[in-house]
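Worksheet for the structure shown next.
Below, chains carry the letters A, B, ... as their sequence lines are ordered, and counting in each starts from 1. Scope of the values below: all heavy atoms of this structure, side chains included, with no hydrogens, waters or symmetry mates.
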Protein chains: 2
Amino acid sequence: MQSPEKNPAGCNCLALRQAARHVTQIYDQFLAPSGMRATQYSILARLSRRGSMTINALASELVMDRTTLGRNILPLRRDGLIAVARGGVDRRSKELRLTRSGEARVRAAFECWQQAQAQFESSFGAGRAKALRALARDVALSDPGAVAPVDKD
Amino acid sequence: MQSPEKNPAGCNCLALRQAARHVTQIYDQFLAPSGMRATQYSILARLSRRGSMTINALASELVMDRTTLGRNILPLRRDGLIAVARGGVDRRSKELRLTRSGEARVRAAFECWQQAQAQFESSFGAGRAKALRALARDVALSDPGAVAPVDKD
DNA sequence: TTGATTTAGGTGTATATACTCCTATATTGA
DNA sequence: TCAATATAGGAGTATATACACCTAAATCAA
């Protein structure tokens, strides 16, 4: 392992963040006509596929912090794409569901997403894209492992 | 190419963003004792390695939007880790440089970074990490290609 | 049953990201 | 020279991210 001053390219975190920034800009540009950003599309598309979910459940599936998702759904609620209902069984929870408007928006955005996906795969290569997704998925689902010192009682 | 409703795992953008979120949390936790976040460390470490740079040059190297870097250096300036000087040749530009305090901070944070890097590589595998970095780097440096319709005159 | 603990989610705060529009300076061309 | 253009960077706005701390509701244990 080299020093980052000698080899800044060696940092896994920096490499992933740079790639995420770059790719997000591409997808965001293609999604722009749909009036959504990549993160918003990922939320709506997941709700469309899985049906109503609680905030915690959806955040976990999206590998997103619970509080981040709580903030990210605010503009979607404001725009009437998502509705929130108090959980029937557990009254602490909140069920998120797509509205009619949200369903329509997802369908429209899907066309944009396809273009972004096609553009990326044609320029980066479908094979390498597949390998990248597989590695990225393994990273996202991997155990964080023993992190910084946690003081337990 | 499958529908994202059928195969949300197929989205390159989502996969990269999830991985970046996950890994950033790990690195941020290890960097916490240094009082910096991963992005801040990447800025200081680059300045340390390359010496004074303008905002545009540094942003380009970090694969970061110019305006994003402009915002990201504000807390670093506030904390006295970075100093800004008007460019000598081109008076529109601004030269960013590490202060003494900034140099010391980078040295201290390097230890934290090493721990984060070691933790990640030991849990994910050094070989797969190397492959991931190589793909991520190719993505970050790749031509965005023909993006959404741009209206040129 | 009821007090302790756990869990679902929100709030305050801070940083990260990038688009659009703006000003100032530099460069270029007639 | 000087007007047109290009470039460096900032400001306004909006979303994205997550930690620490808080409240309410559910669960567990004595």
What pairs with D79(A) under side-chain hydrogen bond (donor to acceptor under 3.5 Å, both in side chains), at least two apart in sequence or on another chain?
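D79(A) satisfies side-chain hydrogen bond (donor to acceptor under 3.5 Å, both in side chains) with no other residue.
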At a heavy-atom distance below 4.0 Å, which nucleotide of DNA chain D is the first touched by chain A, and which is the last?
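Footprint of chain A along DNA chain D, 5' to 3': dT15(D) to dA26(D).
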Side chain of [X], backbone of [Y]: donor and acceptor closer than 3.5 Å?
X	Y	value
D28(B)	A38(B)	yes
S34(B)	L31(B)	yes
T24(A)	A20(A)	yes
S48(B)	L44(B)	no
Q40(A)	P75(A)	no

Is it true that T67(B) and D65(B) share a donor-acceptor pair across their side chains at a distance under 3.5 Å?
yes
With salt bridge (charged side-chain N to carboxylate O under 4.0 Å, His left out) as the criterion, how do E103(B) and R97(B) come out once you've worked through the C-alpha distance, each side chain's angles and the decisive distance to 0.1 Å?
CA-CA 10 Å; E103(B) 299 269 16; R97(B) 70 170 181 81; over 6 Å; no
DNA chain D-proximal residues of residues 50-80 of chain B, any heavy atom under 4.0 Å
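The stretch gives T54(B), I55(B), N56(B), R66(B), T67(B), R71(B) as the residues lying under 4.0 Å from the strand, ordered by number.
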Near DNA chain D, under 4.0 Å by heavy atom, which residues of residues 87-96 of chain B?
R92(B), S93(B), K94(B)
What is the distance, to the nearest angstrom, from the CG atom on D28(A) to the C1' atom on dT20(C)?
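It is 15 Å, rounded to the nearest whole Å.
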Residue list, salt bridge (Lys or Arg N to Asp or Glu O under 4.0 Å) with D138(B), at least two apart or on another chain
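Here the qualifying residues are R128(A).
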With sequence neighbours excluded, what pairs up with R91(A) under the salt bridge (Lys or Arg N to Asp or Glu O under 4.0 Å) test?
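Once residues adjacent in sequence are excluded, R91(A) has no partner under the salt bridge (Lys or Arg N to Asp or Glu O under 4.0 Å) criterion.
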